[in-house]
Amino acid sequence: MSFFSRLFRSHPAPVDASTEWRLLWTKHASAIAPNVELATTKQQLVVTCAGVIDKIWNGNGGGGWDESCESDFLDPLRQHLCSDPVFSPEEQAEIRDCLDQIAAAGRNNITIEASADEDAQFESDHGAADRLVAFVVGWCRRYPEPIALGDDEEYHGHD
């Protein structure tokens, strides 16, 4: 085997962020989404939660948000991302801001859906879901090996 073939084999070509996100989704979440209660690792939980949020905002334009979305998908992200030392205090604040923007827009969209006003348009998340996905990709880069959810951290669904 030549030097160059060993070099290229040991250093895979970099992938862009959207490709990396799709790979993470396939690896950690596609089999369990949106059932975060089936997650057995932190990666599955975090990627599934972010993926559902991405689908609601980037796939459905903010439609399909309901009262349980905050506890089911945002709260686990708050727990696992907002205090992780992999992120600086400024990044943690930005993550909280993204989650707050998504929650506020989601609550407004529930009201819009309930109004039955055919001319009403859903409120935008102003790119918060995209920024959140980027933080999740960064988190998964830092923690590529599965981290088991402990009994005290395991998600057991909402009441």
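At a threshold of 4.5 Å between non-hydrogen side-chain atoms, the residues L77 and V46 count as touching.
Using a 3.5 Å distance cut-off with no hydrogens or angles, the side chains of N109 and E113 do not pair a donor with an acceptor.
Below 30°, between 30° and 60°, or above 60°: for F87 and F135 the angle between ring planes is above 60°, a perpendicular geometry.
One distance of note links CG of L24 with OG1 of T48; it measures 11.0 Å at 0.5 Å rounding. Put simply, CG on L99 and CD1 on I53 are 6.5 Å apart, with the number rounded to the nearest 0.5 Å. Here the CG atom belonging to D54 is positioned 6.5 Å from the CG atom belonging to D130, to the nearest 0.5 angstrom. Distance check: C140 SG to W21 CH2 gives 7.5 Å after rounding to the nearest 0.5 Å. If you take CD1 on I102 and OG on S124, they are separated by 10.5 Å, rounding to the nearest 0.5 Å. R78 CZ to C98 SG: the interatomic distance, rounded to the nearest 0.5 Å, is 10.5 Å.
Using a distance-only test at 3.5 Å, with no hydrogens or angles considered, a donor-acceptor pair links the side chain of Q43 to the main chain of E145. Side-chain N or O atoms of E70 include none that pairs as donor or acceptor with a backbone N or O of D75 at under 3.5 Å. In this structure, the side chain of N60 does not engage the main chain of G64 through any donor-acceptor pair within 3.5 Å.
Side-chain heavy atoms closer than 4.5 Å link hydrophobic residues (I, L, V, M, F, W, Y) into clusters, and following such links, even through other members, never connects W65 to I112. Linking ILVMFWY side-chain heavy atoms closer than 4.5 Å, directly or via other members, places W57 and V137 in a single hydrophobic cluster. Hydrophobic cluster membership is shared by Y143 and V36, with clusters built from Ile, Leu, Val, Met, Phe, Trp and Tyr side chains linked at under 4.5 angstrom. In the hydrophobic clustering of ILVMFWY residues, with side-chain heavy atoms under 4.5 Å counting as a link, V86 and L81 come out together.
Across all non-hydrogen atoms, the minimal contact from G63 to I56 is O-CG2, 3.7 Å. Shown here for L149 and K42, the closest heavy-atom pair between the two residues is CD2-CG, 3.6 Å. Of all heavy-atom pairs spanning P89 and R96, the tightest one is O-NH2, 4.5 Å. The shortest non-hydrogen separation linking S68 to D66 is OG-OD1, 2.6 Å. Annotation for V52 and P34: closest pair CG2-CB, 3.6 Å, computed over non-hydrogen atoms. When every heavy atom of P76 is checked against every heavy atom of S71, the shortest pair comes out as CD-O, 3.5 Å.
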